S.K.: 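Encoded as structure tokens, here's the structure I'll be asking about.
Lettering follows sequence order; numbering is per chain, from 1. Note that the coordinates shown come from a computational prediction; the quantities given were computed from them, not determined experimentally.
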Amino acid sequence: MPLRIYNSLTRRKEEFAPLVPGEVRMYVCGVTVYDHCHLGHARAYIVWDTVRRYLQTRYRVRYVQNITDIDDKIIKRAQERGTTWEAIAQEFTAAYNEDTQRLNIQPADESPKATEYVEGMVALIEDLIARGYAYASGGDVYYAVQRFPDYGRLSGRQLQDMQAGASGRVDDEPHKRYPLDFALWKGVKPGEPSWDSPWGPGRPGWHIECSAMARALLGDRLDIHAGGADLKFPHHENEIAQSEAVAGQPLANCWMHNGFVNIDGEKMSKSLGNFFTIRDLLKRFSPMAVRWFVLQAHYRQPIDFTEAGIEAATKAWQTVNEGLQFAATFLTTPSPSKEGEKRRSPGLRKLWTMTSTRPWPWRSCSTWPKPCGLRPTFCGGERRSPLTKTWPPPRRLCTNCVVYWGSRRKLQQELWLGTSVFTSQQPPTYKP
RNA sequence: GGCGACGUAGCCAAGUGGUAAGGCCGAGGUCUGCAAAACCUCUAUCCACCGGUUCGAAUCCGGUCGUCGCCUCCA
């Protein structure tokens, strides 16, 4: 059954076919390392981690996620703290790695840092100028959005519609020819880090880094480009304008965007004080409960974080985890012999006894094996796939082992994905 | 004003053409000296409302009402 993925660019589910058969090149916009990651970051990276793991069951996946280690906010934070921007970037990169590792997020195949690709960005900007898409002005370089016919396509906007909102905010950037033009290169200001360029010392604009890094590591055309819904405009719109103007072909075949996290029904924001960092959250709840909480919901829908919700997720995870552990034991036990029975813990023995004596099917299992449990619906039409079904529902997992008796391999495969998505456990090994 | 999303049990939520997953809460039960824990069972004749398409719709189309997001840095 073909995989179908919702493409933000076309606003439809489309059949997914990698450009190179068997291989998927995926780029995810990563963090700007100026502060600790919050729940919203956690959701994004858990979702993309899960998508990646699912794709890995079908394809060879190359997953690149950048780290923005030079940016206005980093510089500002360094000034506030009286330290260097490098120190800030280093500190929060380390914190990011620690947080994601605790959340059982697989490290990316490549984690390029913006500062390591300045050369590529300069080359890209030169190319854009040569092709007439960008202009140097007063030490800065801007992208002339009016030159790019498709500008606004991803976010469904027209330039005319956006002007009204942008007109009031041009004061700080007097070198722009058009209010919606965006900076590719920012001329150096006193006390700021800078790199040499044909336009004088300065630093790259935010959007150009992703274009340069994606190109350097994955080529001119990606299979999947993903990120938070808030990046659609202007970040991804600008990336498209930059990359496609130079490459002359679509930057990505499929664009995927994850939804936001609300707190008690309100938008998460620092001013409202409803802001959770990952590390604060993990002081109170298990990483797997957080994963469960995030993965319960459709990845494109907003999720509302509430105390009751995370507690429910914690309990749900506990139940599932017990089932997984039982099933893992089940799989590694040769047969339901008395000998095998003795090796189980009392709790597992009890479950074992129950499953091996209960008749099936009985009423509560009448719906098996319909999709249940976790369902990251980035893939429509994938009802029977491991991730859309994942595993039999928690309470029934143990009992359904009986049903699976004749096809342990199938169960093993599903459990492998299930456990690897939720825990760092190794898949149970089954020796026939 | 422009673009978009959502409305499913007391609560959270899955399900995008074939007849309602799962979790929380609650109820009953097994076990237990009692309790707790654990486990088992039960809990939507129906998916905001009104029309339409179809053999068949929570699922597609049109309309109504309601909630929310983006349009500024942001996962």
S.K.: For the C1' atoms, the ones on B:C50 and on B:A57, what distance do you get once it is rounded to whole angstrom?
M.R.: 15 Å
S.K.: Base, sugar-phosphate alone, or nothing: which one does A:S155 contact when heavy atoms must sit under 4.0 Å apart?
M.R.: sugar-phosphate
S.K.: Please report, rounded to the nearest Å, how far the C1' atom of B:G69 is from the CZ atom of A:R300.
M.R.: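 For the pair A:R300 CZ and B:G69 C1', the rounded distance is 14 Å.
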S.K.: So if I take residues 260-268 of chain A and measure heavy-atom distances to RNA chain B, which residues fall below 4.0 Å?
M.R.: A:F260, A:V261, A:K267, A:M268
S.K.: Heavy atoms only: give me the nearest A:G40-A:V261 pair and the separation to one decimal.
M.R.: CA-CG2, 4.0 Å
S.K.: Looking only at side-chain atoms of A:A297, point me to the closest of B:A13, B:C71, B:C24.
M.R.: B:A13
S.K.: Please tell me which of the listed nucleotides, B:A75, B:G2, B:A13, lies nearest to the side chain of A:R157?
M.R.: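 So the side chain of A:R157 is nearest to B:G2.
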S.K.: For A:D49, is there an ion pair with A:R291 - N to carboxylate O distance below 4.0 angstrom?
M.R.: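 A salt bridge links A:R291 with A:D49.
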S.K.: Going by side-chain contact (heavy atoms from CB on, under 4.5 Å), name the residues that satisfy it together with A:Q301, two or more places apart in sequence or in a different chain.
M.R.: A:H298
S.K.: At a cut-off of 3.5 Å, list every protein nitrogen or oxygen paired with a nitrogen or oxygen from nucleotides 25-29 of chain B, distance to 0.1 Å.
M.R.:
from  : atom 1 : to     : atom 2 : distance (Å)
B:C25 : OP1    : A:K315 : NZ     : 2.4

S.K.: Does A:R81 pair with A:E91 as a salt bridge, N-O distance under 4.0 Å?
M.R.: yes
S.K.: What interatomic distance, in whole Å, is found between C1' of B:A20 and the corresponding atom of B:A9?
M.R.: 11 Å
S.K.: Does A:G156 reach a base, just sugar-phosphate, or nothing at all? Heavy atoms under 4.0 Å.
M.R.: sugar-phosphate
S.K.: What I want to find out is whether A:K232 reaches A:E237 closely enough, with some N-O distance under 4.0 Å, to be called a salt bridge.
M.R.: no
S.K.: Please report, rounded to the nearest Å, how far the P atom of B:A75 is from the CH2 atom of A:W255.
M.R.: 16 Å
S.K.: Any salt bridge between A:D72 and A:K186, counting N to O under 4.0 Å?
M.R.: yes
S.K.: What I want to find out is whether A:R215 reaches A:E239 closely enough, with some N-O distance under 4.0 Å, to be called a salt bridge.
M.R.: no
S.K.: Using atom CG of A:N238 as one end and atom P of B:C71 as the other, report the distance to the nearest whole Å.
M.R.: 13 Å
S.K.: Go through the structure and list residues passing ring pair (Phe, Tyr, Trp, His ring centres under 6.0 Å) with A:F148, not counting sequence neighbours.
M.R.: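 With neighbours one apart ignored, the set is empty.
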S.K.: Using 4.0 Å as the upper bound for N to carboxylate O, is an ion pair formed by A:D150 and A:R153?
M.R.: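 Yes, this pair counts.
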S.K.: Does CZ in A:R12 sit with more than 12 non-hydrogen atoms of other residues, nucleotides or ligands closer than 6.0 Å?
M.R.: no
S.K.: So what's the dot-bracket for RNA chain B: Watson-Crick or G-U pairs under 3.5 Å, [ ] if a pair crosses, | if it pairs off-strand?
M.R.: (((((((..(((.....[...))).(((((.......))))).....(((((..]....))))))))))))....
S.K.: Quick one: A:R291 CZ to B:A75 P, roughly how many Å, whole number?
M.R.: 19 Å
S.K.: Give me the ring orientation class for A:H236 and A:W255: parallel if the planes are under 30° apart, tilted from 30 to 60°, perpendicular past 60°.
M.R.: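 A:H236 vs A:W255 ring planes: tilted.
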S.K.: Taking atom P in both B:A13 and B:G18, what distance in whole Å separates the two?
M.R.: 24 Å
S.K.: Between A:L103 and A:A42, what is the shortest heavy-atom contact and its length?
M.R.: CD1-CB, 3.9 Å
S.K.: For B:C6 and B:G63, measure between their P atoms and round to the nearest Å.
M.R.: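 Going atom to atom, P in each nucleotide, I get 16 Å.
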S.K.: In whole Å, what is the span from the CD atom of A:Q301 to the C1' atom of B:A5?
M.R.: 7 Å
S.K.: Would you kindly give the OH-to-C1' distance between A:Y299 and B:A5, to the nearest whole Å?
M.R.: 13 Å
S.K.: State which of B:C24, B:A5, B:A75 makes the closest approach to the side chain of A:L231.
M.R.: B:A75
S.K.: Mapping A:A312 and A:Y45 to their closest nucleotides on RNA chain B, which lands nearer the 5' end?
M.R.: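 Nearer the 5' end of the strand: A:A312.
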S.K.: Using 30° and 60° as the class limits, which term best fits the ring planes of A:H36 and A:F92: parallel, tilted or perpendicular?
M.R.: perpendicular
S.K.: Tell me which residues in residues 32-43 of chain A lie within less than 4.0 Å of RNA chain B, going by non-hydrogen atoms.
M.R.: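 By residue number: A:H38, A:G40, A:H41.
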S.K.: If I compare all heavy atoms of A:M121 with all of A:A212, which pair ends up nearest, and what's the gap?
M.R.: CG-CB, 3.5 Å
S.K.: For the residue pair A:R157 and A:S155, confirm or rule out a side-chain donor-acceptor distance under 3.5 Å.
M.R.: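 Checked: A:R157/A:S155 side chains pair up, N/O donor to acceptor below 3.5 Å.
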S.K.: Write down the distance separating the P atoms in B:A21 and B:U16, rounded off to the nearest Å.
M.R.: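 Taking atom P in both B:A21 and B:U16, they lie 13 Å apart.
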S.K.: Please give the distance between the P atoms of B:C24 and B:A37 as a whole number of Å.
M.R.: 13 Å
S.K.: Which pair of non-hydrogen atoms, one from A:V64 and one from A:P112, has the smallest distance, and what is that distance?
M.R.: CG1-CD, 3.7 Å
S.K.: Expressed as a whole number of angstroms, how long is the span from A:W292:CH2 to B:A21:C1'?
M.R.: 11 Å
S.K.: Regarding A:K73, tell me which of base, sugar-phosphate or nothing describes its non-hydrogen contacts under 4.0 Å with the strands shown.
M.R.: sugar-phosphate
S.K.: How far does the P atom of B:C49 sit from the matching atom of B:C40, given to the nearest Å?
M.R.: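 Taking atom P in both B:C49 and B:C40, they lie 35 Å apart.
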S.K.: Mind calculating the distance between CD1 (A:I46) and P (B:A75) to the nearest angstrom?
M.R.: 15 Å
S.K.: Taking the C1' atom in each of B:A38 and B:A44, what is the distance between them to the nearest angstrom?
M.R.: 29 Å
